[in-house]
Amino acid sequence: MALSVTIFFAIVALVFVAILWRHASCHQSLPCPVWLRWLVELDNPFTKTNRAAFIVQTLDISTGMVILDAGCGPGRLTVPLARSVGPSGRVAALDIQPGMLARAKNRTENAGLNNVDFLAAGLGEGKLPAQHFDRAVLVTVLGEIPNRASVLAELFAVLKPGGILAIVEVIFDPHFQSRGTVSDLAMAAGFRERAFFGHRLAYVLHFEKPESDVHAAHPDVCPCSASGVELGHGRF
């Protein structure tokens with residue numbers, strides 16, 4: 001009986017913390033802290049759509065592509081993405097927390113990969129090159145960012161025309177974003193919805209940057225730097 005009561009109050013406490021965390025994220029960026037990285041290092045056993053292999057499989061990646069792992073955390077997606085693009089491709093692992101980047105870098109080195117660049121920066125800061133990426137992934141990150149509209153505008157700008165943005169959401173995340181919210185934000189930035197995998201509580205949603213995007217014809221209107229950013233293993 002005592003154990004049941006303890007478990008009940010532990011669950012209530014976790015729910016309360018999750019609600020507070022979600023509310024606070026509306027005003028400032030509050031990503032998963034480094035000391036809790038174990039929560040996001042492993043695939044969720046309860047949902048297929050949040051598993052790294054499944055997410056990568058949906059992206060139809062070709063050898064030589066350049067991919068942005070936005071909000072990479074400890075590198076759960078970084079390693080399979082780097083393997084999928086091969087030695088001639090590159091992955092940019094971006095995260096606001098140096099501790100997460102250090103863990104991601106350690107994982108890629110242990111996997112024998114040297115085609116990953118690391119950037120300690122936040123999305124929306126304009127530190128990514130314009131029209132550079134073939135794919136971008138945003139896995140349970142969008143809800144942690146207060147300025148979501150500007151972040152999606154930046155992701156739109158840094159993708160090549162025809163490039164794909166994959167946004168992954170799962171109800172277990174305290175920052176969970178509904179499909180309707182994500183679609184509205186992405187389409188307001190200029191994306192068009194291309195594919196949906198899963199269901200309303202756990203899904204992968206693909207958005208495409210149209211081939212005829214105005215930025216393709218006039219790259220000077222892009223707010224991002226087109227000169228390249230110095231990163232761990234080279235330049236974009």
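For the single chain, residues carry numbers from 1 onward in sequence order. Only this structure's heavy atoms are used, side chains among them; waters, hydrogens and symmetry mates stay out.
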Kindly give the heavy-atom pair with the smallest separation between [X] and [Y], and that separation in Å.
| X | Y | value |
| --- | --- | --- |
| E154 | G126 | OE2-N, 2.9 Å |
| A121 | K127 | CB-CD, 3.8 Å |
| R103 | P74 | CG-CB, 3.6 Å |
| L159 | F191 | CD1-CE2, 3.6 Å |
| K160 | H132 | CE-O, 3.2 Å |
| A166 | V204 | CB-CG1, 4.4 Å |

Which distance, rounded to the nearest 0.5 Å, do you find between the [atom1] of [X] and the [atom2] of [Y]?
| X | Y | atom1 | atom2 | value |
| --- | --- | --- | --- | --- |
| T49 | L205 | OG1 | CG | 11.5 Å |
| I164 | R194 | CD1 | CZ | 4.0 Å |
| T47 | E169 | OG1 | CD | 11.5 Å |
| L113 | T78 | CG | OG1 | 10.0 Å |
| H175 | T140 | NE2 | OG1 | 9.5 Å |
| S84 | L59 | OG | CG | 8.0 Å |

Is the ring pair F172/F46 parallel, tilted or perpendicular, if the boundaries are 30 and 60 degrees?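 F172 vs F46 ring planes: tilted.
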Path from V182 to L201 over hydrophobic side-chain contacts below 4.5 Å: yes
Test your reading of the model: is there a side-chain donor-acceptor pair from [X] to the backbone of [Y], 3.5 Å cut-off?
| X | Y | result |
| --- | --- | --- |
| Y203 | I167 | no |
| S183 | G180 | no |
| E208 | H206 | no |
| N110 | N106 | yes |
| N115 | R90 | no |

Could you check whether R179 makes a cation-pi contact with F196, meaning its NZ or CZ is under 6.0 Å from the centre of the six-membered ring and within 45° of the ring axis? yes
So, using salt bridge (Lys or Arg N to Asp or Glu O under 4.0 Å) as the criterion, who are the partners of R148 when residues are at least two apart?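 Once residues adjacent in sequence are excluded, R148 has no partner under the salt bridge (Lys or Arg N to Asp or Glu O under 4.0 Å) criterion.
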The criterion is salt bridge (Lys or Arg N to Asp or Glu O under 4.0 Å); which residues satisfy it with R200, sequence neighbours excluded?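 In terms of salt bridge (Lys or Arg N to Asp or Glu O under 4.0 Å), with neighbours along the sequence ignored, R200 is linked to no residue.
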Heavy atoms, side chains only, cut-off 4.5 Å: are [X] and [Y] in contact?
| X | Y | result |
| --- | --- | --- |
| F156 | P210 | yes |
| L155 | V151 | yes |
| L123 | L138 | yes |
| V85 | I61 | yes |
| V139 | R76 | yes |
| F207 | L152 | no |

Determine whether V168 and L77 satisfy the following criterion, side chain to side chain contact (heavy atoms under 4.5 Å, CB included), listing intermediate values before the conclusion. CA-CA 12 Å; V168 183; L77 267 290; over 6 Å; no
Given L119, which partner from the list I96, L128, D95 fulfils the side-chain contact (heavy atoms from CB on, under 4.5 Å) test? L128
Apply side chain to side chain contact (heavy atoms under 4.5 Å, CB included) to V116 and D69, showing your working. CA-CA 10 Å; V116 181; D69 188 0; over 6 Å; no
